[in-house]
Amino acid sequence: MLDLRRIQENKEKVAELLSRKGFVAEFDTVLELDKQRRAVIGEVETLKAQRNKVSAQIPALKKAGQPVDEIFKEMRALGDKITEGDAKAKELEDKVFDMLSRMPNIPDEDLVAGEKEANEVIRVVGEKPQFDFPMQNHVDLCTKLGIIDYTRGTKLSGGGYWLYRGDGARLEWALLNFFISEHLKDGYEFILPPHQLGYNCGFGAGQFPKFADEVYWLDCDEDRKKNRFMLPTAETALVNMYAGEIIDESKLPMKFFAYTPCYRKEAGSYRAEERGMIRGHQFNKVEMVQYAHPERSMDAFNELVDKAASLIEKLGLHFRVSKLAAGDCSASMARTYDIEVWIPSMGIYKEVSSVSNANDYQARRNNTKYRDSKTGKPAFLHTLNGSGLATSRVFPALIEQYQNADGSVTVPEVLRPFMGGQEVIKL
RNA sequence: GGAAAGGUAUCGAAGAGGUCAUAACGAGCCGCACUCGAAAUGCGGUUGUCGGGUAACCGGCACAUGGGUUCGAAUCCCAUCCUUUCCGCCA
């Protein structure tokens, strides 16, 4: 949610920044509606003040045996006017709120305009592995090793689902355990949230109303606001934990991580190149979230980027970090860096982590505040999130980058403690 | 799923159509006093939000949520949500 005051004060600047996201801002209507809203509120409040004044005198008048019928008659007319004004104000308020809630977040000043093509690679770690034998892709490797069962996954649930089996399940679990142990070491609090969330969570995270069709809905009430949905990322849960609360400034930054599967429709986004487990309807992810003081959210952001990168680096995988152009950041985010891992068979880098700073965009939507020690007043805090990490790309990258000539796969050293010391996955 | 009770500030809790909503009474927290220090005690402070105003300040709203009745609602009525207890179900 954007701050209407910021729009009021600097319409052109905000419009320019939003245009970098490819969003054509039209503020005149909202501003005009808000002006009307304030005018109506002013009128109604004057009437209410008048009513309150008279109401306060009535008990005394009654006690003194004075006639009140005439006053009641006038008050009734006044009441009708108030009801009318309240309705008008509510209508205007709803319109303003709705319009504001559909606008994307303002990108940070240093982001360049444009889409994916304008992303900037800011760091490359490791090198593309060279193989002195015919390289296999992860689908073939996993199928031959019997560690991922695509056929039976499809049998159970259709396209976009798979089963982890045996050493595959162990490897997946080891990855998650490795991530978890690293976050615990860094002092993040481990959260296991519900996987089914209410509409307000999707709204607060900034994913609704725009992306409400891209999640799986439970229940069948016609009114979506009464239904729950399967979370598309743990961010949707974590970022709403303190909605409507005022957090003591000394508690910031608050650092959390959660493990959940992520459920996504991914309608129409399947491409031939995305075979195997690159894009599924359900994948495992450990998600990090921080609640930060606005003045220190950049520090939190850098910490999250470093954490995500260090995980993939410790796994010994070749990857790069990209600073996303404004248009490639999601609607809710002011700034996003992607960690992208090298998938040898595809010859491209695929996102394994997206680290973002929402600034106060999500906090405004779900009303999460901290008490500022300087002013003593509540203020919106900043929320940040980053995958740490999603396994659905790490797994294929790992299988492919660590493959051996005989079709076996070496287990990265950091994962061995989580796999009972196993060093290699083979038939 | 059924029944009953309930939802008021940081917590406990009173108020049961108006003169008690910043909201009694307890407790907590923050000052200050007393003290060598602490405890105890005493005094003072301690909601959010919206509108107007440079400000001091003025005003509106908020008793789970949304409606209704009324000149006036925490209080009466309706719907929804949630909590607790009991019963049922229990892979």
According to the Watson-Crick and G-U wobble definitions, with both distances under 3.5 Å, which nucleotide is paired to B/rG72? none
Distances for protein N or O near nucleotides 74-80 of chain B N or O, under 3.5 Å:
none

Please write out the pairs of protein N or O atoms and N or O atoms of nucleotides 89-91 of chain B separated by less than 3.5 Å, giving the distance to one decimal.
none

Salt bridge check: are A/Lys185 and A/Glu182 linked by an N-O gap of less than 4.0 Å? yes
Can you tell me, in whole Å, how much space there is between the C1' of B/rC81 and that of B/rA24? 30 Å
What's the closest nucleotide to the side chain of A/Arg371 if the choices are B/rC71, B/rG60, B/rU47? B/rU47
Taking the minimum atom-to-atom distance to the side chain of A/Lys90, which one of B/rG67, B/rC71, B/rG60 wins? B/rG67
Please tabulate the protein-to-nucleotide N/O contacts below 3.5 Å involving nucleotides 7-9 of chain B, giving atom names and distances.
none

Give me the distances for all protein-to-nucleotides 49-53 of chain B N/O pairs that come in under 3.5 Å?
residue, atom, partner, partner atom, Å
B/rU49, OP1, A/Lys369, NZ, 2.6
B/rG51, OP1, A/Arg37, NH2, 2.7
B/rG52, OP1, A/Arg38, NH1, 2.9

Acceptor/donor pairs from residues 411-423 of chain A side chains to any protein atom, 3.5 angstrom cut, sequence neighbours excluded:
residue, atom, partner, partner atom, Å
A/Arg416, NE, A/Val411, O, 2.8
A/Arg416, NH2, A/Val411, O, 2.9
A/Gln422, NE2, A/Asp167, OD2, 3.0
A/Gln422, NE2, A/Val424, O, 3.0

side-chain hydrogen bond (donor to acceptor under 3.5 Å, both in side chains) pairs, two or more places apart, involving residues 18-27 of chain A: A/Glu16-A/Arg20, A/Glu26-A/Thr29
Within the structure shown, what part of the strands sits under 4.0 Å from A/Ile58 by heavy-atom distance: base, sugar-phosphate, or nothing? base
Would you please confirm or rule out a distance under 4.0 Å between OP1 or OP2 of B/rG60 and any side-chain N or O of A/Asn52? yes
Rounded P spacing from B/rA73 to B/rA62 in Å: 9 Å
Give a yes/no answer on whether the side chain of A/Arg51 brings an N or O atom under 4.0 Å of OP1 or OP2 in B/rG60. no
